[in-house]
Amino acid sequence: MQFIPFSADSVPQLATLFIDDRPIPIRLWAILDGTIQGRILVDEPNGPTVALVQELAEGTTYVGGAVTPQALFDGITLLRKEQEVVICCWPDDPLGSILPPAPSYEGTAIDFTDRLAAVNLHQLATAPPGYQLRQIDREVEPLLEEFDFHVSMYGSAERAFEHTIGYCLMHDGHVVSEAIAGPLTRGIAEIGVGTRATHRRQGLATITAARVIQECEAHGYRPFWNTSQQNVPSVALARRLGFQTEKPFRVLAWSSNT
């Protein structure tokens, strides 16, 4: 297995190695579309039959082609030299049976799709007295906690602003909750939300997430939500926002060797 640089010319051939139905597909698409940063490993640069594609923000890694246990082991070993490797697969995916043993983490996450339009986002996105809901821009960037994740995903703050939609809730001049949609690719928008610990359990994440989803849908993007199964507040919030389809999957991670 060896690394190859991203190239628009190689994308069509790489794309044929990956099935469409996979967990968190939007990040794979965003890498292949050149929207977010990624690393690409293949067995043969000129005619790959196996590929591992990894996004750089969290290490989520996608496996494509006729992969063997040895090729998978070699690829994960190479990727772990610089970053944690996270692989997601459906419960019945044959890939799960050939993954290397003894991951540093194993759990379950859920993809949420098909948001019910009847859920009134305008009502959910109403800020309470004393709070201001505003769009995320360069002025508010220094006050954010979640934006660094998107900078690492896109490679710079400039590209992060270009490829995301975000809103935050402010109180007494401080950001107390923020929601950002990104990647935005192939008509899908991945939604992420974070609320300061001192302001949780007040419904603030609902407000910011609902406002971001409003904006995404106004621009023609279908919202996509992903969270770990044990994150009960996030699961409940996805349902409150109207997501109807829930697809659980396995998450396995191998820590970095750096």
Side-chain angles (χ1 to χ4, degrees), residues 1-107 109 111 113 149-150 152-155 159 163 182-190 224 226 247 249-258:
M1 301 291 289
Q2 55 188 295
F3 289 101
I4 61 170
F6 172 83
S7 165
D9 294 335
S10 65
V11 165
Q13 189 172 24
L14 283 172
T16 63
L17 301 177
F18 294 91
I19 61 172
D20 290 333
D21 183 25
R22 63 181 58 251
I24 326 179
I26 187 170
R27 296 186 191 180
L28 172 64
W29 302 336
I31 294 169
L32 295 181
D33 291 347
T35 304
I36 66 174
Q37 295 190 107
R39 295 194 292 164
I40 302 172
L41 270 175
V42 297
D43 56 343
E44 294 291 340
N46 297 322
T49 61
V50 175
L52 274 68
V53 175
Q54 183 184 51
E55 57 90 4
L56 301 185
E58 291 186 324
T60 310
T61 301
Y62 300 87
V63 181
V67 66
T68 63
Q70 187 62 53
L72 190 54
F73 178 85
D74 292 345
I76 291 175
T77 299
L78 284 171
L79 292 171
R80 290 179 68 192
K81 290 182 178 180
E82 295 186 20
Q83 186 172 6
E84 180 181 46
V85 176
V86 180
I87 293 181
C88 305
C89 57
W90 303 123
D92 58 352
D93 190 336
L95 175 66
S97 65
I98 63 170
L99 290 169
S104 54
Y105 171 84
E106 184 168 2
D111 279 350
T113 56
F149 168 82
H150 291 277
S152 65
M153 177 174 281
Y154 293 95
R159 283 183 53 80
H163 293 285
L184 310 170
T185 190
R186 304 192 186 188
I188 308 292
E190 181 177 355
F224 167 86
N226 167 265
K247 297 183 69 175
F249 57 90
R250 299 174 64 198
V251 182
L252 300 97
W254 291 263
S255 58
S256 171
N257 286 329
T258 57

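Everything quoted here is computed from the prediction, not taken from an experiment.
Closest heavy-atom contact between F18 and V63: CE2-C, 3.5 Å. Residues F6 and I31 come closest through the heavy atom pair CE1-O, 3.3 Å. Taking all atoms of both residues into account, the shortest heavy-atom contact from P103 to P100 is CD-O, 4.3 Å. For the pair L72 and L95, the tightest heavy-atom approach, listed with the atom from each and the gap, is CD2-CD1, 3.8 Å. In this structure, V85 and I76 approach most closely via the heavy-atom pair CG2-O, 4.0 Å. Counting all heavy atoms, side chain and backbone alike, I24 lies closest to F249 at CG1-CZ, 3.8 Å.
D92 contributes atom CG, which lies 11.0 Å from atom OG of S97 (distance to the nearest 0.5 angstrom). Distance check, rounded to the nearest 0.5 Å: CG of L79 to CG of N257 gives 11.0 Å. With rounding to the nearest 0.5 Å, the separation of CG in L56 from CD in Q37 is 5.0 Å. Taking CH2 from W29 and OG1 from T185, the interatomic distance works out to 8.0 Å, rounded to the nearest 0.5 Å. If you take CD on Q13 and CG on N46, they are separated by 8.5 Å, rounding to the nearest 0.5 Å. To the nearest 0.5 Å, atoms OG (S10) and CG (L32) are separated by 8.5 Å.
Distance alone, capped at 3.5 Å, is enough to place a donor-acceptor pair between the S104 side chain and the A253 backbone. The backbone N or O of I26 lies less than 3.5 Å from no partner atom in the side chain of R186, so there is not a single donor-acceptor pair. Side-chain atoms of D43 come within 3.5 Å of backbone atoms of V50 as a donor-acceptor pair (strictly under, hydrogens ignored). Panel note: side chain R159, backbone T35; a donor-acceptor pair is recorded below 3.5 Å. A donor-acceptor pair is defined here as one N or O able to donate and one able to accept, closer than 3.5 Å; no such pair exists between the side chain of W254 and the backbone of T77. In this structure, the side chain of E190 does not engage the main chain of P183 through any donor-acceptor pair within 3.5 Å. Counting only distance, with no hydrogens or angles, the side chain of E55 and the backbone of A57 share a donor-acceptor pair below 3.5 Å.
Between D111 and R22 there is no salt bridge, since none of the side-chain N atoms of the basic residue sits less than 4.0 Å from a carboxylate O of the acidic one.
S256 and Q83 share no donor-acceptor pair across their side chains, judged by distance under 3.5 Å alone.
Other residues, nucleotides and ligands contribute at most 12 non-hydrogen atoms within 6.0 Å of the CZ atom of F73.
Listed by chain and residue number, H163 satisfy the ring pair (Phe, Tyr, Trp, His ring centres under 6.0 Å) test with Y154 (two or more places apart in sequence, or in another chain). Listed by chain and residue number, E82 satisfy the salt bridge (charged side-chain N to carboxylate O under 4.0 Å, His left out) test with R39 (two or more places apart in sequence, or in another chain). Residues satisfying the salt bridge (charged side-chain N to carboxylate O under 4.0 Å, His left out) test with R250, not counting sequence neighbours, are E106.
Taking the side chain as every heavy atom from C-beta outward, I98 and V67 approach each other to under 4.5 Å. No side-chain heavy atom of P23 sits less than 4.5 Å from a side-chain heavy atom of K247. Residues E84 and E58 form no side-chain contact, since every pair of their non-hydrogen atoms from C-beta on lies 4.5 Å or further apart.
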Side chain to side chain contact (heavy atoms under 4.5 Å, CB included) for I4 and E44? Distances and angles first, verdict last.
CA-CA 9 Å; I4 61 170; E44 294 291 340; over 6 Å; no
Using the side chain to side chain contact (heavy atoms under 4.5 Å, CB included) rule, take I87 and Y62 through it: C-alpha gap first, then chi angles, then the decisive distance, then the call.
CA-CA 7 Å; I87 293 181; Y62 300 87; over 6 Å; no
For a side chain to side chain contact (heavy atoms under 4.5 Å, CB included) check, start with the C-alpha distance between L14 and V42, then their side-chain angles and the critical distance, and finish with the verdict.
CA-CA 9 Å; L14 283 172; V42 297; 3.9 Å; yes
Would you sort out whether Y105 and L252 count as a side chain to side chain contact (heavy atoms under 4.5 Å, CB included), showing the intermediate values?
CA-CA 6 Å; Y105 171 84; L252 300 97; over 6 Å; no
